[in-house]
Amino acid sequence: MAESNFVDYVKIYCRSGKGGRGSTHFRREKYIPKGGPDGGDGGRGGHVYLRGNRNYWTLLHLKYERHILATHGESGSAKRSTGKDGQDRIIEVPCGTVVYDADTGEFLCDVTEDGQQVMLLKGGRGGLGNWNFKTATNQAPRYAQPGEPYQERTVIMQLKLLADVGLVGFPNAGKSTLLSVVSAAKPKIANYPFTTLEPNLGIVSYRDNQSFVMADIPGIIEGASEGKGLGLRFLRHIERNSLLLFMVPADADDIQKEYEILHNELVKYNPELLDKRRVLAITKSDMLDDELIQALSEELPKGVPYVFISSITGQGIMALKDMLWRELNKEVFHDVERIVHKNLDLSTVSFDEDDFVVPLDDYDDDDDYEIIDWEDEEEERT
């Protein structure tokens, strides 16, 4: 995994900007000895935003940028001049990114569309200058508001791939082989378990120049919902898929039992996956004759559409595409708003805490306060 560029979760520290302090300045011009207060307002601190970007596929660009800091607002000045606002920080993330609080695991927001912008942290408001507090009975206010403090938060970002069809199966069920046959994707294929160590996406061409997206995740084993194998880390990518394609090889001892094991692992991970539509593909069917196919058909799960396929010979591939297309178009898919995100179990994610350091605040309040000798000021005004 160290040499992979697929990064689907990161932990970063974010901080908005502090609001600038209002000014306590008094107007001083020739022939105007008592010009009154004219201190301007402070500028607001910079906000921190998340913005979906369809050109990003992973969170790799954030892996080495662990601190996202917006700038502070500047203080107000004379002649009612408002201080400069702090610069906003916009974090570009791939569509399908979910954000959690790193301390509590609380779900914060979900970015699913290109260009969607979500405010993660709000910058502090700038303080009012002393000219705002001038009244008939208080014509020389000698005070101004300080700016509001910044907000800070350490967050965990997780990527959940957006795809139409998700491939679900045990290791060596033929998922990567199928993806390489029906799309231009080139996943690693080998004759040993857990060949696939990261999710792969492929665009499947269909009739009349139509297409849909298929996602291949690492193989799931029994107990994956409890952390066994690689399934727990990548099961979250299944949540986004509109249709689940279960793949069981024809040489399995009990096809229905393997299907039920896979289905139970998904439901244990997230009970809402029970509502997703499912299709069953019996892979490696080139070793079966018509009689075996007929016999196995009687033992398959009831109520689940199925098809016998062989990625090597091409048997049933077009029938599989037709079945997937019909299922996808039964109703509007990509219904990601229906997903209810659970709070994150922090025990299931691990980070190198030795390299994660929260930066010290480099902002000194004293730098923005004007030092005024009020006794000398009173003598001048009298």
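Residues: numbered from 1 along the sequence shown. Hydrogens, waters and symmetry mates play no part in the numbers below; they use all other heavy atoms, side chains included.
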Side-chain donor/acceptor of [X] to backbone N/O of [Y], under 3.5 Å:
{"X": "Thr283", "Y": "Met247", "value": "no"}
{"X": "Asn138", "Y": "Lys134", "value": "no"}
{"X": "Asp208", "Y": "Gln210", "value": "no"}
{"X": "Asn264", "Y": "Glu260", "value": "yes"}
{"X": "Ser297", "Y": "Ile293", "value": "yes"}
{"X": "Arg277", "Y": "Glu327", "value": "yes"}
{"X": "Ser183", "Y": "Leu179", "value": "yes"}
{"X": "Trp131", "Y": "Pro37", "value": "no"}
{"X": "Gln145", "Y": "Gly127", "value": "no"}
{"X": "Asp85", "Y": "Gly73", "value": "no"}

Evaluate Tyr259 against Val304 for side-chain contact (heavy atoms from CB on, under 4.5 Å), listing each step before the verdict.
CA-CA 11 Å; Tyr259 167 80; Val304 179; 3.5 Å; yes
In Å, rounded to the nearest 0.5 Å, how long is the span from [atom1] of [X] to [atom2] of [Y]?
{"X": "Trp325", "Y": "Leu243", "atom1": "CH2", "atom2": "CG", "value": "12.0 Å"}
{"X": "Ile90", "Y": "Leu120", "atom1": "CD1", "atom2": "CG", "value": "12.5 Å"}
{"X": "Ser16", "Y": "Glu148", "atom1": "OG", "atom2": "CD", "value": "10.0 Å"}
{"X": "Cys95", "Y": "Arg54", "atom1": "SG", "atom2": "CZ", "value": "8.5 Å"}
{"X": "Thr24", "Y": "Phe133", "atom1": "OG1", "atom2": "CZ", "value": "11.0 Å"}
{"X": "Leu178", "Y": "Lys175", "atom1": "CG", "atom2": "NZ", "value": "10.5 Å"}

I want to check something: taking the side chain as every heavy atom from C-beta on, are [X] and [Y] in contact at a cut-off of under 4.5 Å?
{"X": "Leu328", "Y": "Val165", "result": "yes"}
{"X": "Val99", "Y": "Val118", "result": "no"}
{"X": "Thr154", "Y": "Cys14", "result": "no"}
{"X": "Ile12", "Y": "Val155", "result": "yes"}
{"X": "Glu291", "Y": "Gln294", "result": "no"}
{"X": "Arg15", "Y": "Ile68", "result": "no"}
{"X": "Leu244", "Y": "Leu167", "result": "no"}
{"X": "Phe246", "Y": "Arg278", "result": "yes"}

If you apply the rule salt bridge (Lys or Arg N to Asp or Glu O under 4.0 Å), what do you find for Arg89 with Glu65, and how did you get there?
CA-CA 13 Å; Arg89 288 298 306 271; Glu65 189 177 5; 2.9 Å; yes
Hey, is NZ on Lys321 packed in by over 12 heavy atoms from elsewhere, all under 6.0 Å?
yes
Charged N to carboxylate O below 4.0 Å: is that the case for Arg27 and Asp38?
no
Salt-bridge contact Arg153-Glu106 (side-chain N to carboxylate O under 4.0 Å):
no
Restricting to non-hydrogen atoms, name the atom on [X] and the atom on [Y] that form the minimum distance, rounded to 0.1 Å.
{"X": "Tyr143", "Y": "Asn130", "value": "O-CB, 3.2 Å"}
{"X": "Leu128", "Y": "Ala144", "value": "O-CB, 3.4 Å"}
{"X": "Ala70", "Y": "Gly46", "value": "CB-O, 3.5 Å"}
{"X": "Lys18", "Y": "Tyr150", "value": "N-CB, 3.8 Å"}
{"X": "Ile317", "Y": "Ser311", "value": "CD1-CA, 4.3 Å"}
{"X": "Arg66", "Y": "Lys11", "value": "NE-O, 3.4 Å"}

When you look at Ser176 and Asp216, which way does the side chain to side chain donor-acceptor pair (under 3.5 Å) test go after all the steps?
CA-CA 7 Å; Ser176 298; Asp216 171 28; 2.8 Å; yes
Does Asp41 form a salt bridge (Lys or Arg N to Asp or Glu O under 4.0 Å) with Arg80? I'd like the steps, not just the answer.
CA-CA 7 Å; Asp41 303 337; Arg80 300 186 183 181; over 6 Å; no
Is the His67 ring parallel, tilted or perpendicular to the Tyr13 ring (thresholds 30°, 60°)?
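Perpendicular: the ring planes of His67 and Tyr13 meet at over 60°.
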Should the ring pair Tyr100 and Phe107 be called parallel, tilted or perpendicular, given that the plane angle runs from 0 to 90° and is split at 30 and 60?
perpendicular
Please enumerate all residues that pass side chain to side chain contact (heavy atoms under 4.5 Å, CB included) together with Asp88, with sequence neighbours excluded.
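So Asp88 forms a side chain to side chain contact (heavy atoms under 4.5 Å, CB included) with Arg44, His47, Tyr49.
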Can you list everything that forms a side chain to side chain contact (heavy atoms under 4.5 Å, CB included) with Ser211? Sequence neighbours excluded, please.
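Counting only residues at least two positions away or on another chain, Ser211 forms a side chain to side chain contact (heavy atoms under 4.5 Å, CB included) with Ile203.
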Using side-chain contact (heavy atoms from CB on, under 4.5 Å) as the criterion, point out the one residue from Ile91, Leu50, Val98 that pairs with Val111.
Leu50
Working note: Val213 + Val204, criterion side-chain contact (heavy atoms from CB on, under 4.5 Å); need CA distance, chi angles, decisive distance, verdict.
CA-CA 6 Å; Val213 180; Val204 181; over 6 Å; no
Would you say Glu92 and Tyr56 are linked by a side-chain donor-acceptor pair, where the criterion is simply a distance under 3.5 Å?
no
Side-chain heavy atoms under 4.5 angstrom apart, residues restricted to Ile, Leu, Val, Met, Phe, Trp, Tyr: same cluster for Phe308 and Leu292?
yes
Joint cluster assignment, Ile312 & Met318, ILVMFWY side-chain distance < 4.5 Å
no
Determine whether Gln116 and Thr112 satisfy the following criterion, side-chain contact (heavy atoms from CB on, under 4.5 Å), listing intermediate values before the conclusion.
CA-CA 7 Å; Gln116 177 185 354; Thr112 59; 3.5 Å; yes
Could you go through the side-chain contact (heavy atoms from CB on, under 4.5 Å) check for Val93 and Met157 one step at a time?
CA-CA 9 Å; Val93 296; Met157 296 186 182; 4.0 Å; yes
